[in-house]
Structure formats: structure tokens, C-alpha cells
Amino acid sequence: ITTLENAHTSKDRDYFLALAYNDAGQYGKAGELINKLYRDMPDELPVMLAYVDIKIKSGDVEDALAVLQKAKKDVRNKADIHYYFGLYYEHMGKYQESDKEYQNALRIENDHAPTLFRMAYNADLNGSEETAMELYQRIRRPTRNVLINMGILYEDKGNFAMARACYHKVLNVIPND
């Protein structure tokens with residue numbers, strides 16, 4: 001984040017800084033940047049989807065829905081659109097609609113990582129550890145969160161060697177985290 005904050009101001013820098021703030025849970029800062037970008041580039045799908053993600057995570061779900069409806073008309077990244085509709089419905093407590101949207105995303109792109117992660121996370125929360133593990137394992141390039149969650153699931157099953165392997169992968173990539 002510091003490197004991006006110190007970089008020359010540009011739309012690209014602001015976009016990636018907004019994503020970084022969002023990932024770090026700094027939704028206020030992320031929102032400031034993405035609001036400006038969305039005003040300047042309201043028809044750019046990556047900006048629209050980042051806007052939706054940040055708005056949902058910061059609790060501004062109605063604004064997110066309006067932008068999602070607009071983004072739905074775009075023929076690109078349909079799996080992403082279904083994923084964000086799923087995320088929207090999930091935050092609204094409409095779990096059947098959410099699951100339907102996640103399933104639609106996977107019908108379009110069967111290895112859509114954000115959808116697989118969200119479905120795995122939800123399965124784990126609902127006590128379906130086997131389903132969660134199957135979904136996590138389908139993610140081709142697992143992130144830190146995927147590896148940590150898999151490690152915890154392996155620990156729960158008593159498979160400490162596999163858990164340790166997951167944690168070592170995280171530490172090899174991000175040693176100071």
C-alpha cells in the first residue's frame with residue numbers, strides 16, 4: 001500500500017490502491033478512490049466491479065445493486081457479474097438467491113476463483129467441511145486465505161502434515177505476514 005500511496009497519481013494507481021485498501025479492510029479509503037474513479041469512468045467494467053465489491057463490503061449494498069444492474073448488460077465477465085450478485089444477495093441474507101448466482105458463475109467459468117472461495121467459505125461456516133475442502137482444492141492458484149483455510153480444515157481432520165504444508169506455502173510467499 002505504501003508504494004502505491006507514494007506513486008505518481010493516475011487512474012491506474014488509484015484503481016490498484018483502491019483494491020489494496022479494500023483487501024486491507026480500509027473501506028473508507030477504498031471508497032473515496034473508487035467513487036472518484038467511477039464518476040470519471042462509469043462504463044469501465046473493472047471499475048464498476050471494484051466499485052460494487054467495495055460498496056458491498058462497506059455496507060452500501062443498495063448503491064452496489066444499481067451498479068450491478070448496469071454492469072449486467074455488459075457481455076464480458078459474466079461469471080464476475082453472477083459472483084457479485086451472489087455476494088450482494090448473501091449480504092442481504094437471501095442465501096438461496098446467492099447460491100443460485102454462485103452456481104450460475106460456475107456454469108459459465110467452472111474454476112472462477114472468487115466464487116469457489118466464497119462457496120467454500122460458506123460451506124465451512126455451515127459445517128460442510130468436505131464440501132469446503134473440495135471447493136478450495138478446485139482453485140488453481142490458491143491465495144493466502146485459501147491456504148490458511150485449507151490448513152485449518154486439515155488440522156480439524158487431524159492431518160497436521162498437510163496443514164503444515166499449507167502454512168509453509170503461505171510463509172514462503174509472504175514471510176512477514
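Sequential numbering from 1 along the given sequence is applied to the chain's residues.
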Verdict with supporting geometry, Y51 and D63, side chain to side chain contact (heavy atoms under 4.5 Å, CB included): CA-CA 9 Å; Y51 183 88; D63 198 23; 2.3 Å; yes

Side-chain heavy-atom pair P42, K70 within 4.5 angstrom cut-off: yes

Cluster link Y38 to L19, ILVMFWY, side chain under 4.5 Å: yes

Closest non-hydrogen atom pair between A132 and A123, with its separation: N-CB, 3.9 Å

Any M119 side-chain heavy atom under 4.5 Å of E134 side chain: no

Beyond-backbone contact of K55 with V67, side-chain heavy atoms, under 4.5 angstrom: no

Beyond-backbone contact of E129 with Y154, side-chain heavy atoms, under 4.5 angstrom: no

Side chain to side chain contact (heavy atoms under 4.5 Å, CB included) between D14 and K11, worked out: CA-CA 5 Å; D14 288 352; K11 289 181 180 177; 5.7 Å; no

Inter-residue atom distance L33.CG - L17.CG, 0.5 Å rounding: 5.0 Å

Test log, rule ring pair (Phe, Tyr, Trp, His ring centres under 6.0 Å), inputs Y136 and F117: CA-CA 6 Å; Y136 283 134; F117 178 84; 5.8 Å; yes

Considering all heavy atoms, the nearest Y27-S58 contact: CB-CB, 3.7 Å

ILVMFWY cluster, M133 and Y121 together (side-chain gap under 4.5 Å): yes

Side chain to side chain, Y167 and I152, heavy atoms closer than 4.5 Å: yes

Beyond-backbone contact of F85 with K100, side-chain heavy atoms, under 4.5 angstrom: no

Verdict with reasoning, Y21 to E5, per side-chain hydrogen bond (donor to acceptor under 3.5 Å, both in side chains): CA-CA 10 Å; Y21 283 144; E5 288 174 332; 2.5 Å; yes

Over all atoms of both residues, closest heavy-atom pair of S98 and G86: OG-O, 2.9 Å

Separation of L171 CG from K169 NZ (nearest 0.5 Å): 13.0 Å

Within one Ile-Leu-Val-Met-Phe-Trp-Tyr cluster: L45 and I108, side-chain cutoff 4.5 Å: no

CD on Q69 to CD1 on I81, rounded to 0.5 Å: 10.0 Å

Minimum heavy-atom distance P142-I139, with the two atoms named: CD-O, 3.8 Å

Side-chain heavy atoms of Y83 within contact of L49, under 4.5 Å: no

Side chain to side chain donor-acceptor pair (under 3.5 Å) contacts touching residues 101-119 (sequence neighbours left out): D80-H112, H82-E101, E90-Y102, E90-R118, N104-R107, D111-R140, H112-T115

Cluster overlap I54 with L4, hydrophobic side-chain contacts below 4.5 Å: yes

Distance (rounded to the nearest 0.5 Å) between N149 CG and R144 CZ: 11.0 Å

Side-chain heavy atoms of D40 within contact of V47, under 4.5 Å: no

Transitive ILVMFWY side-chain link L135 to M162, under 4.5 Å: yes

From CA spacing to verdict: side-chain hydrogen bond (donor to acceptor under 3.5 Å, both in side chains), D53, N22: CA-CA 8 Å; D53 190 42; N22 189 39; 2.7 Å; yes

Separation of N6 CG from I1 CD1 (nearest 0.5 Å): 12.0 Å

OG1 on T131 to CG on N122, rounded to 0.5 Å: 12.0 Å

Minimum heavy-atom distance A105-A79, with the two atoms named: CB-O, 3.4 Å

